Amino acid sequence: MSHSPHRSHWNNRWTFMLATAGSAIGLGNIWKLPYMIGVNGGSAFVLVFVACIFLVGIPLMMTEILLGRRAQKNPLDGMQALAIEAKRSTAWKYLGGMGMLTGLLILSFYSVIGGWVLAYIIEAARGSFSQITAAQSTANFDTLLASPLQLLAWHTVFMFMTMSVVAHGVNSGLEKANNILIPSLFAILLILLGYSMSVGDMHAAFQFMFKPDFSKITPVAVLSALGHAFFSLSLGMGAVMVYGSYLQRNVSIARTTIYIALADTLLGLLVGLAIYSLVFANHLAPNAGPGLIFQTLPIAFGHMPAGGFIGMLFFILVAFAAWTSSISLVEPAIAWIVENTKIKRHTAAWAIGLAVWLLGIAVVLSFNEWKAIKIIFGLNIFETLDKLTSTILLPLGGLLMAIFAGYFMNKNHVQEELDLNDQHFKFWHFTNNYIAPIAIGAVFLYLFGLIK
Ligand code: TRP
């Protein structure tokens, strides 16, 4: 398939890399990974998570990019076009459709957490962290969660930020800003890490995160780690596929993927170390859940020199990271509407934004007024959306993409996109066709009670 002159493409390979890295690096690394490590028993989770990144995440990221670049379309029409090219059932398009919906479901809670980050920029700027104790910090966070109006206001601001970029299309300046933002995020993290190392309990953090303890590897930890590998790399719903569809021919998919996956994983683990050395030094609970970074980081910022300013800068960078991720969660749906209807991009963006914003209100309420409302398996609205997307929809999307590329597409077409030497191609083929499907399949069989 050739490049249509009507589709915009990234200006160069660097922009694609930054955009995809911008999509991958976000709240998943900074907010979610640290607390998931704590909730799932520390090192066991880390080990399985890293294994999932390498054995499932990297090959499937390559798969998703290659599908997008070959299709040159949004996920739904793209899967249909690829199925037609391979002379297969066009029902494959529903895989693209499922991904678009998954992205919107994720955005509904992602935006609420993005709102917490925005709130903390202001808190840091106001000097609220100064000399704060662990108990005060936890109380501050609880106060924020207890206020539906405040959460709603910040959720609204975050949705507004996201949709105003999406309304303008993918070649926006924000992706270029990643040029400065991602390195800055690493830099400020190193400052934080240095501070945590000097006052925190880095030894305990290291032990907690990296001392292998295979006895703690539970099925639930494996399930969560696999799901989080998808979440962290933005896989399984077509975000990377859409970005790949804006990618020019001459870029190496494998190299790009490996850089992004390494940066993404490293960043998450560094945040984890910084957080846990503070957690243990302050005798906090590692399994505090979604509030973990909001309860622990202010303690660090509150006691380091220029902590108010550094804290503000940190949360600003996290907000940017979340922003560049949230865009990729809606882009597939918007691309589909724009490429299929007469609806203008900005109209589509605001309409979809409104729908996600409404669902987000339910998420806001699940942290306070509706906390006790359980949807399924004792999970509230936020937890249900999170588990449903991370542990079911994303791995399912990834599994089906792997099967499509590995078993339904013409092998020469795949090779043409990946453009790898024989040995590397064989490696991709083995992980894509066997390792990833078996790993995901086993997790699903366990989930549905078919294996123990
Ligand atoms: N990867 C992002 C993060 O870690 C979140 C994200 C963006 C995402 N786009 C996605 C997750 C697509 C799953 C699918 O914050």
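These figures come from a predicted structure and were not determined experimentally. Numbering starts at 1 and runs along the sequence shown. First listed ligand is number 1; within each ligand, the first listed atom is number 1.
Summarising the local packing, CZ of Phe430 is surrounded by 12 or fewer heavy atoms from other residues, nucleotides or ligands at distances under 6.0 Å.
Side-chain polar atoms of Trp323 and Thr162 form no donor-acceptor pair below 3.5 angstrom.
Taking the side chain as every heavy atom from C-beta outward, Met237 and Leu393 never approach each other to under 4.5 Å.
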Sub-3.5 Å pairs, protein N or O with ligand 1 N or O:
| residue | atom | partner | partner atom | Å |
| --- | --- | --- | --- | --- |
| ligand 1 | 1 (N) | Ser23 | O | 3.2 |
| ligand 1 | 1 (N) | Ala24 | O | 3.0 |
| ligand 1 | 1 (N) | Phe231 | O | 2.7 |
| ligand 1 | 1 (N) | Ser232 | O | 3.2 |
| ligand 1 | 1 (N) | Ser234 | OG | 2.9 |
| ligand 1 | 4 (O) | Ala24 | O | 3.0 |
| ligand 1 | 4 (O) | Gly28 | N | 3.2 |
| ligand 1 | 9 (N) | Ser234 | OG | 3.3 |
| ligand 1 | 9 (N) | Ser328 | OG | 2.9 |
| ligand 1 | 15 (O) | Leu27 | N | 3.0 |
| ligand 1 | 15 (O) | Gly28 | N | 2.8 |
| ligand 1 | 15 (O) | Tyr110 | OH | 2.5 |

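Tyr276 and Phe208 have tilted rings, their planes meeting at an angle from 30° to 60° on a 0 to 90° scale.
The existence of a salt bridge linking Lys374 and Glu383 is excluded, since no basic side-chain nitrogen approaches an acidic carboxylate oxygen closer than 4.0 Å.
Taking both residues in full, the closest heavy atoms of Leu76 and Gly97 are given as CD1-CA, 3.7 Å, listed atom of the first, atom of the second, then distance.
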